[in-house]
Amino acid sequence: MARFSDGAVPDQRFDVNLSILFTELPLLERPAAAAAAGFTAVELWWPWIETPTPDQSELDALRKALVNAGTQLVGLNFYAGRLPGPDRGALSVPGEESDRFRANIDVAADFAASVGCKALNALYGNRVDGVDPAVQDELALENLVTAARAADRVGAILLIETLNEPESPLYPLVSAPAAIEVVDRVNEATGLGNAKFLLDIYHLSMNGEDVSQVIEAYADRTGHVQIADNPGRGAPGTGSLPLEQLLGELTKAGYDGWIGLEYKPGDRPSAESFDWLPAGAR
């Protein structure tokens, strides 16, 4: 596996996504595992896919695990349905799923506040057969405005993410401009300016977008970055993406936020999948 050069990432901050890495361990053991691998920051998809409103005891247990491990939670998804699985969010899906998203908004925001997390990601949701896309978009804007206000209440930003069409064919935001359009719509509606773009290099590359061009165009409106190599969604060096170059372009464009490691470890323990990254950069 290719290794990033020691001087390549001196000013960049990497965090581990505990919903795709260390999943061989129970949720509450993953923060300590990330810390043992040398990381001080982590992110999570919504951990309780069956409920948007888990018992307070479960929230407290996760907070304790993060604190005891010395890991900072830097990103958290709002409730997004079955993820991993067939769902890609809930906020634009009329009926029960939208209701579940709304029930989750303050729960997620308050949990983020309790652990100092400053970024909340809201996955848009799939298109639904028989429902006018305009109706879904109107519902989405309503829910995103509420989520943006909740995020602002706890000093956080709201992230809007592009996914990729081959793996998420029913998801409407499958280009950077499509996500940016939603970001602009939310900021215009709230006047808060706290909606930002989640720039996921893997998803952009799967869509065939020019990632360098996206970085140049939207780095100043990007609130979080996630990476995985392509093909395969593995660790950097397992595919053909010039990730070291692209991260350098992000730095030159002024992005100084977190870079989430959202890749599959492959047929090995997650702790062995970080050999591409010098220990000093973790």
Side-chain angles (χ1 to χ4, degrees), residues 13-90 97 100-101 103-123 156 159 161 167 200 202 224 226-228 232-236 238 258-277 279 282:
R13 302 179 293 165
F14 295 88
D15 73 87
V16 178
N17 188 306
L18 297 181
S19 296
I20 194 169
L21 286 156
F22 294 109
T23 58
E24 64 268 32
L25 299 172
L27 173 65
L28 298 182
E29 296 179 17
R30 295 176 202 169
F39 294 92
T40 59
V42 298
E43 62 183 69
L44 280 165
W45 303 340
W46 183 248
W48 300 279
I49 62 173
E50 300 301 330
T51 177
T53 54
D55 290 341
Q56 186 63 44
S57 61
E58 295 188 72
L59 296 163
D60 292 343
L62 179 56
R63 181 173 65 249
K64 182 179 179 181
L66 292 164
V67 171
N68 287 350
T71 49
Q72 175 65 50
L73 186 68
V74 298
L76 176 67
N77 282 16
F78 287 106
Y79 170 80
R82 292 164 292 172
L83 188 71
D87 298 334
R88 297 292 185 271
E97 280 298 272
R100 287 160 73 87
F101 177 82
N104 174 249
I105 289 174
D106 283 331
V107 176
D110 289 343
F111 180 77
S114 77
V115 293
C117 176
K118 299 299 184 182
L120 289 157
N121 184 29
L123 286 174
L159 296 170
E161 182 174 9
E167 294 175 328
D200 186 306
Y202 169 74
H224 190 62
Q226 292 173 332
I227 64 170
R233 199 175 186 175
T238 60
W258 290 99
I259 297 163
L261 308 183
E262 195 183 52
Y263 59 76
K264 299 174 183 178
D267 296 328
R268 55 182 172 167
S270 296
E272 296 178 10
S273 72
F274 305 111
D275 47 359
W276 59 275
L277 183 64
R282 300 179 189 177

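Heavy atoms only: backbone and side chains are in, while hydrogens, waters and symmetry mates are out. Quick caveat, the model's predicted, so the values are computed rather than measured.
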Quiz item: Less than 4.5 Å apart, any side-chain heavy atom of Val107 and any of Trp46?
Solution: yes

Exercise. Specify the closest pair of heavy atoms between Arg268 and Glu272, including all atoms of both residues, with the distance to one decimal.
Key: NH1-O, 2.9 Å

Exercise. Answer yes or no: is there a donor N or O on one side and an acceptor on the other, between the side chain of Tyr263 and the main chain of Ser273, under 3.5 Å?
Key: yes

Quiz item: With a 4.5 Å heavy-atom cut-off, do Leu59 and Trp48 have their side chains touching?
Solution: yes

Quiz item: So, the side chain of Gln72 versus the backbone of Val115: is there a donor-acceptor pair under 3.5 Å, distance only?
Solution: yes

Exercise. Return the minimal non-hydrogen interatomic distance between Leu277 and Arg282, and the atom names on each side.
Key: O-NH2, 2.9 Å

Quiz item: Can you name the nearest heavy-atom pair linking Trp45 to Leu76, along with the distance?
Solution: O-CD1, 4.2 Å

Self-check item: Heavy-atom closest contact (Leu123 atom, Arg88 atom, distance)
Solution: CB-O, 3.4 Å

Quiz item: Side chains of Arg233 and Ile20: closer than 4.5 Å at any heavy-atom pair?
Solution: yes

Self-check item: Ile49 to Leu83 - nearest heavy-atom pair and separation
Solution: CG2-O, 3.5 Å

Practice problem: Write down the atom of Ser270, the atom of Pro265, and the distance for their closest heavy-atom approach. | Solution: OG-CG, 3.6 Å

Quiz item: Any sub-3.5 Å donor-acceptor pair from Ser19's side-chain atoms to Leu44's backbone N or O?
Solution: no

